[in-house]
Protein chains: 2
Amino acid sequence: MKPSIFVVEDDPDISRLVRHHLEGAGFAVKLFPTGHTVVSESERQRPTLFILDIMVPGKDGLELCRQIRQTQSLAATPVIFLTAKSGEADRILGLELGADDYIPKPFSPRELVARVKAVLRRFERPLSQSPLRIGEIEIDPGAMTLTVRGQQVTTTATEFRLLDYFARHIGRVFTRDQLLDSVWRDTAYVTPRSVDVYVRRIREKIEPDPENPRYLKTVRGAGYRFEAAK
Amino acid sequence: MKPSIFVVEDDPDISRLVRHHLEGAGFAVKLFPTGHTVVSESERQRPTLFILDIMVPGKDGLELCRQIRQTQSLAATPVIFLTAKSGEADRILGLELGADDYIPKPFSPRELVARVKAVLRRFERPLSQSPLRIGEIEIDPGAMTLTVRGQQVTTTATEFRLLDYFARHIGRVFTRDQLLDSVWRDTAYVTPRSVDVYVRRIREKIEPDPENPRYLKTVRGAGYRFEAAK
DNA sequence: CTGAATTGTTTCAATCAGGTTACAAAACAG
DNA sequence: CTGTTTTGTAACCTGATTGAAACAATTCAG
C-alpha cells in the first residue's frame with residue numbers, strides 16, 4: 001500500500017504541482033483547498049503525512065497543525081509546512097508548533113519529494129533487520145543475501161521480500177491476497193496468480209526438490225505456508 | 001535550511017537573550033522553560049543542537065542530558081550546558097555526561113555564538129580517522145588518501161566520503177536515499193541517481209574490472225553493497 | 001470415473017532499474 | 001578574473017524483472 005499524503009493548500013496552481021510530483025514519486029495524494037474538513041477526514045483515513053500551507057483561508061495551517069497535534073489519533077502523524085515568506089516568524093512558529101519540517105516557497109519538485117521522503121524515513125520504524133536462519137536457509141535482510149545449504153543464492157527484490165515474509169511467519173497460512181497486501185509495493189492491479197509464479201521461483205532457489213517442497217508448502221484451497229523442514 | 005537549536009532555560013531574561021543572539025546568527029531557536037516536553041519534541045524535530053541550563057525546575061539539565069544520550073535518535077546531537085556556578089564539579093559532571101561544551105554564566109553574546117558554532121563545526125560529518133584496509137584497498141581518512149593494489153589513487157572529496165562510508169559498513173545494503181542522507185551534505189537537492197554516477201567513478205578507481213565489480217556490488221531493487229572480495 | 005476447481009509451469013512483452021556518457025553549473029585555485 | 005576541477009543532471013541505452021496469459025497437471029467431489 002502506498003503512503004497517503006493530505007495536502008492543505010488553497011492555491012490551485014501550487015496544489016496541482018504538489019500533487020503531480022508526489023504522485024509521480026509513488027504517493028497517494030488528497031487535496032484540501034481549505035482546512036475545514038481535514039481533521040475529521042483524517043481521523044477516518046489516517047494519512048501517512050500532512051503538508052500544510054501556513055496560510056490557508058478559513059482555518060490557517062498553524063491552527064490546523066495545533067488541532068492535529070491535539071487529536072489523539074493524529075498526534076503522531078508528521079507535518080510539513082509550506083511557507084511563502086522565508087521570514088523568521090513563520091519558521092519559528094513552525095518549530096514552536098511541532099512541525100516536522102518546512103519547505104520554503106518557491107521550492108523545486110525534487111526538494112519537495114526529497115523532504116517528504118526524509119521525514120517519512122525518520123518516522124518509519126526500522127523493520128526487523130536481524131538475520132534469520134531456518135534449517136538450511138539463512139536470510140539476511142540487512143545485506144539482502146540468501147544462503148541455502150552454504151551456497152549464496154541470488155534473488156530479485158520481490159522474491160526476497162516474499163521469502164523474508166514467509167520466513168518470519170512460520171507455520172501460518174497466507175492467502176494469495178494477503179501476501180499481495182503485505183509483500184507487494186503497489187498491490188493495486190496484480191493478479192493473485194502472480195504469487196504462484198513467485199512461489200515457484202522461490203522453491204527453485206531454496207528447495208532441494210522443487211516438485212516436493214519441504215519448506216514452502218501449498219495449502220490447497222487456502223494459500224501457502226512456510227514450514228521449518230524436519 | 002538553517003540549523004535549529006533547542007534551549008532549555010527557565011529564566012526568561014536569559015532565554016530571551018540567548019534566542020536573540022542565536023537568531024541574529026542565523027539559527028532557528030525554540031525555547032523550553034522546563035524540560036518536560038523536550039525529549040518527545042526533539043524526537044520529532046531533530047534539533048541540531050541543545051543548550052541546557054544545568055538548573056531548570058522540574059527536571060534538571062543533567063538528567064535531561066542523560067535522557068538525550070539514552071535516546072537512540074538524539075544520542076548524536078551535541079549538547080552545551082549553561083552553568084551559573086563556575087565550580088569544577090558541575091563542569092566535569094557535564095562533560096562526563098556527554099556534554100560537548102559548557103558556557104559559564106555570565107557570558108558575552110559573542111562567546112555564546114562562537115561556542116555554538118565551534119561545536120557544530122566539530123560535529124559536521126566527521127570522517128573517522130582510523131585507516132582501513134580491505135583486500136587490496138587502503139583508505140586513510142586522516143590523509144584522505146586511497147591506495148589500490150599498492151598504487152596511490154586520487155579521489156575527489158565526495159568519492160572519498162562515499163567509499164569510506166561503504167568500506168566501514170561492509171556487507172550492508174544501502175538505498176540511494178540512505179546514502180544521500182549519510183554521505184551528502186545537503187540531501188534535498190540531489191537526485192538519487194547521482195549516486196549511480198559516483199558508484200561508477202569509484203568502481204573505475206578501485207575495481208580491477210569495473211564492468212564486473214568485486215567490491216562495490218549492485219543490489220537490484222535495493223541499492224548498493226560493499227563486499228570484501230574473496 | 002468424470003468434470004470442475006485449483007494449482008503448477010512456461011513463455012513472453014512491457015516495464016523498470018541501473019549503466020554510461022556528455023555536459024552545464026558550481027566551486028575552487030591561481 | 002580566468003582556467004580548472006568537481007559536482008550533479010539529463011538523456012539515452014541495455015538487460016533484468018515483473019506479472020499476465022496460456023496451457024498442463026493435480027486434486028477433489030460426486
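Basis for what follows: all heavy atoms, side chains included, without hydrogens, waters or symmetry-related copies. Numbers restart at 1 for each chain; the letters A, B, ... are given by sequence-line order, proteins then strands.
- Put simply, Trp184(A) has no side-chain N or O that comes within less than 4.0 Å of OP1 or OP2 on dT18(D).
- Across all strands shown, Glu159(B) has no heavy atoms under 4.0 Å from either base or sugar-phosphate atoms.
- Rounded to whole Å, atom P of dT9(C) lies 11 Å from atom CD of Glu207(A).
- Arg201(B) comes within 4.0 angstrom of a base, heavy atoms only.
- Listed nucleotides: dG8(D), dG18(C), dG19(D). Nearest to the side chain of Thr218(B): dG18(C).
- When distances run from any side-chain atom of Thr156(B) to the nucleotides dG8(C), dT21(C), dT7(D), the shortest one goes to dT7(D).
- The phosphate of dG18(C) has neither OP1 nor OP2 within less than 4.0 Å of any side-chain N or O from Arg203(B).
- Side-chain nitrogen and oxygen atoms of Thr191(A) include none within less than 4.0 Å of the OP1 or OP2 phosphate oxygen of dA21(D).
- Here dG19(D) is the nucleotide among dT7(D), dG19(D), dT7(C) with the atom lying nearest to any side-chain atom of Val190(A).
- At a threshold of 4.0 angstrom between heavy atoms, the contacts of Val197(A) include nucleobase atoms, whether or not backbone atoms are also involved.
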inquiry  = Between Arg201(B) and Leu162(B), is the side chain to side chain contact (heavy atoms under 4.5 Å, CB included) condition met? List the steps.
reply    = CA-CA 11 Å; Arg201(B) 288 170 183 160; Leu162(B) 181 57; over 6 Å; no

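- Set against dT7(C), dA20(D), dA16(D), the side chain of Arg220(B) has dA16(D) as its closest nucleotide.
- A donor and an acceptor atom, one from each side chain of Tyr165(A) and Gln178(A), are nowhere located under 3.5 Å apart.
- No hydrogens or angles were tested; on distance alone, a donor-acceptor pair under 3.5 Å links the side chain of Arg193(B) to the base of dG19(C).
- Using a 4.5 Å heavy-atom threshold, the side chains of Glu159(B) and Tyr198(B) count as touching.
- Of the possible donor and acceptor atoms, none in the side chain of Asp53(A) sits under 3.5 Å from a partner among the backbone N and O of Val8(A).
- Distance Leu179(B) CG to dG8(D) C1': 15 Å, rounded to the nearest Å.
- Regarding contacts with the backbone of dT18(D), every side-chain N or O of Tyr189(A) stays at 4.0 angstrom or more from both OP1 and OP2.
- Under 3.5 Å, the side chains of Thr218(A) and Arg203(A) contain a donor-acceptor pair of N or O atoms.
- Side-chain nitrogen and oxygen atoms of Arg200(A) include at least one within less than 4.0 Å of the OP1 or OP2 phosphate oxygen of dT9(C).
- Of the residues near DNA chain C, Gly221(A) and Glu204(A), the one whose nearest nucleotide (by heavy atom distance) lies more toward the 5' end is Gly221(A).
- Atom pair Arg161(B):CZ and dG8(D):P shows a separation of 8 Å (rounding to whole Å applied).
- Atom CG of Leu162(B) and atom P of dG8(D) are 11 Å apart (whole Å).
- In this structure, Asp196(A) places its CG atom 13 Å from P of dT10(C), rounding to the nearest Å.
- Nucleic acid contact for Val195(A): none, since no nucleic acid atom lies under 4.0 Å from a heavy atom of the residue.
- Across Pro12(A) and Ser15(A), no two heavy atoms sit closer than the pair O-OG, 3.2 Å.
- When the C1' atom of dT7(C) is taken as reference, atom OH of Tyr198(A) falls 18 Å away, rounded to whole Å.
- We find that CD of Glu211(A) is positioned 13 Å from C1' of dT26(D), with the value rounded to whole Å.
- Leu180(B) places its CG atom 13 Å from the C1' atom of dT9(D), with the value rounded to the nearest Å.
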